[in-house]
There are 4 protein chains.
Amino acid sequence: MSSSTQARPVEEGWDGGESLKRRQILAGASSVFMSKGFNGASMGEIARVAEVSKGTLYVYFQNKEQLFEACIDEKRRSFLARVLDFHDEAPVEDELRRFGMALARFVAEPEVIMAIRTVTGIAEQMPELGARFYDNGPGHSARVFAAYLDRKVAAGELAIQNTALAALQFADMCQSNLSRPLLFGVNLSAHERELRAEASVTQAVQTFLATYRHRGADAC
Amino acid sequence: MSSSTQARPVEEGWDGGESLKRRQILAGASSVFMSKGFNGASMGEIARVAEVSKGTLYVYFQNKEQLFEACIDEKRRSFLARVLDFHDEAPVEDELRRFGMALARFVAEPEVIMAIRTVTGIAEQMPELGARFYDNGPGHSARVFAAYLDRKVAAGELAIQNTALAALQFADMCQSNLSRPLLFGVNLSAHERELRAEASVTQAVQTFLATYRHRGADAC
Amino acid sequence: MSSSTQARPVEEGWDGGESLKRRQILAGASSVFMSKGFNGASMGEIARVAEVSKGTLYVYFQNKEQLFEACIDEKRRSFLARVLDFHDEAPVEDELRRFGMALARFVAEPEVIMAIRTVTGIAEQMPELGARFYDNGPGHSARVFAAYLDRKVAAGELAIQNTALAALQFADMCQSNLSRPLLFGVNLSAHERELRAEASVTQAVQTFLATYRHRGADAC
Amino acid sequence: MSSSTQARPVEEGWDGGESLKRRQILAGASSVFMSKGFNGASMGEIARVAEVSKGTLYVYFQNKEQLFEACIDEKRRSFLARVLDFHDEAPVEDELRRFGMALARFVAEPEVIMAIRTVTGIAEQMPELGARFYDNGPGHSARVFAAYLDRKVAAGELAIQNTALAALQFADMCQSNLSRPLLFGVNLSAHERELRAEASVTQAVQTFLATYRHRGADAC
DNA sequence: TATGAATGAGACTTCATTCAT
DNA sequence: AATGAATGAAGTCTCATTCAT
């Protein structure tokens with residue numbers, strides 16, 4: 001309870017995990033949480049995997065939940081930068097396809113599947129964590145993509161009223177035939193995953209452009 | 001081997017939960033599993049909620065996993081019959097909208113959200129259960145919807161090459177803006193949920209028809 | 001508690017197990033107790049093996065301990081009549097050998113080993129039962145054998161001061177190299193068991209006669 | 001795999017019970033196992049008697065069986081060193097009597113009786129443990145004694161063909177009138193035990209020498 | 001007489017957490 | 001800062017026993 005007898009990292013806002021030990025712990029904990037889920041993971045196993053003592057875990061994190069939050073935050077951060085750089089100069093169709101394929105492949109990664117399972121799995125117990133994850137993960141992606149669409153609308157290449165919705169639906173068309181079954185544990189081979197990605201994205205692009213391409217009809 | 005020693009339900013194939021106690025247990029267990037997840041739920045709490053003794057739980061179900069499976073099966077069954085009766089004589093647009101709205105509202109139900117969380121949450125531990133759930137739930141829905149589309153294609157009202165994919169993508173467009181955030185714990189008011197359903201389905205129908213309505217292309 | 005509402009067999013002294021059900025139960029219970037020990041046996045398994053309901057067990061026996069006692073009594077009785085008919089007219093050496101071999105083979109029977117294990121295993125909890133079993137089993141055998149020796153002493157064929165002790169020690173020499181290891185779980189093939197019986201008994205007879213045969217020494 | 005997470009004793013090969021807690025646990029566990037048998041003993045009672053928490057039990061021993069094994073091993077070790085130092089220079093008769101009395105008194109000790117009961121009681125469940133106990137306990141004693149006899153045979157003091165068998169039978173003659181009834185729970189006063197030991201050993205020595213003393217026969 | 005549904009105490013074991021060093 | 005020994009509450013599951021029918 002007193003702040004003078006405890007180790008520093010817990011008390012201060014040392015978010016920028018400088019310490020080597022902290023890194024070790026986060027790496028080990030992530031690996032265990034991702035493979036066993038929150039409840040299935042035990043602090044003992046995390047300590048073993050991270051190669052620190054159980055006591056040390058509690059020097060850096062107040063309890064299991066906070067350790068979990070820190071892991072998820074880290075995952076989220078690492079997810080962000082990928083996928084999301086749009087090239088405005090490229091043809092829309094190419095860019096849609098590139099984004100769609102990147103997204104489809106991304107959500108099919110075992111690590112991503114596990115992260116989603118883990119977070120949704122305790123969303124009831126820790127809803128703010130889940131909401132934050134959604135907002136900064138899928139939500140953020142959708143907003144960045146929507147902004148790209150906005151620019152294309154402004155450029156007269158697309159005709160979309162609700163770009164936020166269009167972005168979301170395009171993303172869903174690209175990924176759902178992969179993400180959903182994988183989340184439920186359906187076993188898909190790498191080949192099968194690639195096939196599904198290809199088919200979903202191709203059709204999604206076609207559908208998207210059939211709907212939103214400016215003068216999509218007057219091209220005839 | 002003999003049927004005379006233990007309680008009947010475990011020994012015989014009493015799947016149709018006739019017994020009152022069995023119903024009680026399933027009701028209590030569903031409630032606890034849905035709110036705490038598989039690992040978070042304890043047999044003790046289930047017994048307390050179901051108002052039976054812990055021992056009785058094991059008279060009716062061999063272990064926690066089998067009790068969980070029974071709960072999920074029940075949920076799944078109740079999910080099936082809804083949503084899925086297509087009226088071939090109605091206009092396609094109306095029918096798409098009806099199906100889309102039913103689906104969107106359905107996946108937004110707290111009970112459904114919780115069931116999905118629970119099942120995906122232990123898909124790593126029990127992948128066959130998850131896969132079965134997917135196949136008989138979302139998978140089944142998609143197949144029934146695809147069959148409807150097939151009939152419409154045959155009737156010359158729609159022009160779709162891959163109806164299975166089209167079905168899936170339509171369904172995803174209808175539900176994802178609801179299902180996904182809700183799964184992650186984002187809090188949406190009833191009003192907000194209805195608004196999103198309306199917007200998603202409306203746009204999904206429009207997109208779908210823009211892409212697949214016969215004469216969509218041959219008007220050129 | 002009241003005697004009018006309970007079933008008869010428990011209340012009265014119906015020891016002569018007339019009832020078919022009682023026999024069934026004893027047979028099943030013996031088999032389970034012998035293979036699992038007192039604590040390892042469960043009333044549920046006994047009921048299953050005996051093909052009666054668990055409730056019926058408690059109609060015939062007040063509780064697990066009494067059922068066990070009844071089983072042991074039965075075993076004991078069946079053990080008695082074997083082995084123990086001595087033929088006074090036969091040569092002593094032949095008769096010692098016959099008795100010794102019968103005893104050695106008897107104690108090597110799996111059923112006997114198990115009975116001994118079971119009874120000694122709970123002798124701490126139920127010492128009277130164990131003592132009774134000893135007295136009516138090994139004790140009784142030793143007394144009958146000692147009586148035979150008494151007759152031979154009276155007939156002038158043997159010279160023994162303490163026939164009770166001589167009887168006991170002869171019996172021990174015959175059986176210990178079999179009984180003891182088997183009790184501890186040492187695995188002996190049928191062939192090995194027979195070899196040991198043969199060697200032990202042969203040597204025991206020789207030792208016994210070298211010590212106790214009248215004129216054993218004055219033959220010189 | 002790493003040694004830093006769990007308590008040391010379980011991970012490392014700390015067989016030599018250095019730790020105080022380990023000693024405490026073994027003492028408590030021995031006492032409970034010896035008085036209740038393996039199945040009758042509960043980890044809760046062991047923890048209470050040992051004055052440690054239940055959790056601590058599992059820090060030092062992986063499970064109940066391993067704790068039991070450790071107790072038995074300890075007992076066995078303590079058994080070995082006693083009784084078994086033979087003085088080749090002493091007269092055979094004196095040495096036989098000394099060994100016989102030591103053995104008889106040893107097997108009459110309550111602790112020894114209980115250890116034997118406990119081990120034979122679960123020999124069905126854990127036969128290797130029982131066999132090991134037999135081999136290192138009674139078996140070892142018999143072998144050491146037989147080696148002594150071998151030396152006496154070599155010295156021309158005894159004439160024995162099968163010293164292993166002779167050793168076993170001598171030991172049995174000394175102890176069986178004590179060990180067997182005590183195992184079954186027959187209650188013998190200290191005085192009675194001493195009387196039996198005296199009588200059994202005296203007679204055993206006499207019998208042994210009558211049979212095996214060199215010149216026993218050639219005196220004729 | 002015979003049953004089988006129901007119970008609740010208690011079994012073994014795990015694990016998040018604390019604390020002295 | 002780091003450890004590891006120690007804890008006790010809580011987990012799943014078993015089982016002897018009771019009771020209404």
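Letters A, B, ... mirror the listed sequences (proteins, then strands); counts begin at 1. The basis for the numbers below is simple: all heavy atoms, side chains too, and nothing from hydrogens, waters or symmetry mates. All figures in this text were calculated on a predicted structure; none of them were measured in a lab.
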For nucleotides 12-21 of chain E, 5' to 3', base contacts (B), sugar-phosphate-only contacts (S) and non-contacts (-) with protein non-hydrogen atoms under 4.0 Å give SBBSBBB---
Side chains of Lys21(C) and Val59(C): closer than 4.5 Å at any heavy-atom pair? no
Minimum heavy-atom separation for Ala70(A) and Leu26(A), please, with both atom names. CB-CD2, 3.7 Å
Considering all heavy atoms of both residues, which atom of Thr120(C) and which atom of Arg117(D) are nearest to each other, and what is their separation? O-CD, 3.1 Å
Rounded to whole angstroms, how far apart are CD on Glu51(A) and P on dT3(F)? 11 Å
Rounded distance (Å) that lies between atom P of dA5(E) and atom CD1 of Ile25(B): 12 Å
Looking at Met114(D) and Met34(D), what are the two nearest heavy atoms and their distance? SD-O, 3.0 Å
Write down the distance between CZ (Arg22(D)) and P (dG4(F)), rounded to a whole number of angstrom. 18 Å
Whole-Å gap separating P (dA16(F)) and CZ (Phe61(C)): 15 Å
Are more than 12 heavy atoms from other residues, nucleotides or ligands located less than 6.0 Å from atom NZ of Lys36(D)? no
Distance, rounded to the nearest Å, where Gln24(D) contributes CD and dA5(F) contributes C1': 13 Å
Find the partner of dA20(F): check Watson-Crick (N1-N3 plus N6-O4 or O6-N4) and G-U wobble (N1-O2, O6-N3) distances, both under 3.5 Å, and reply none if neither fits. dT3(E)
Residue met sooner reading DNA chain E from 5', once Val52(B) and Leu57(C) are mapped to nucleotides: Leu57(C)
For dC15(E), the Watson-Crick or wobble partner whose two distances fall under 3.5 Å: dG8(F)
Short side-chain N/O contact from Lys21(A) to OP1 or OP2 of dA1(F), under 4.0 Å: no
Return the orientation label for the Phe33(A) and Phe68(A) ring planes: parallel under 30°, perpendicular over 60°, tilted otherwise. perpendicular
Does OP1 or OP2 of dA5(F) have a side-chain N or O of Tyr60(D) closer than 4.0 Å? no
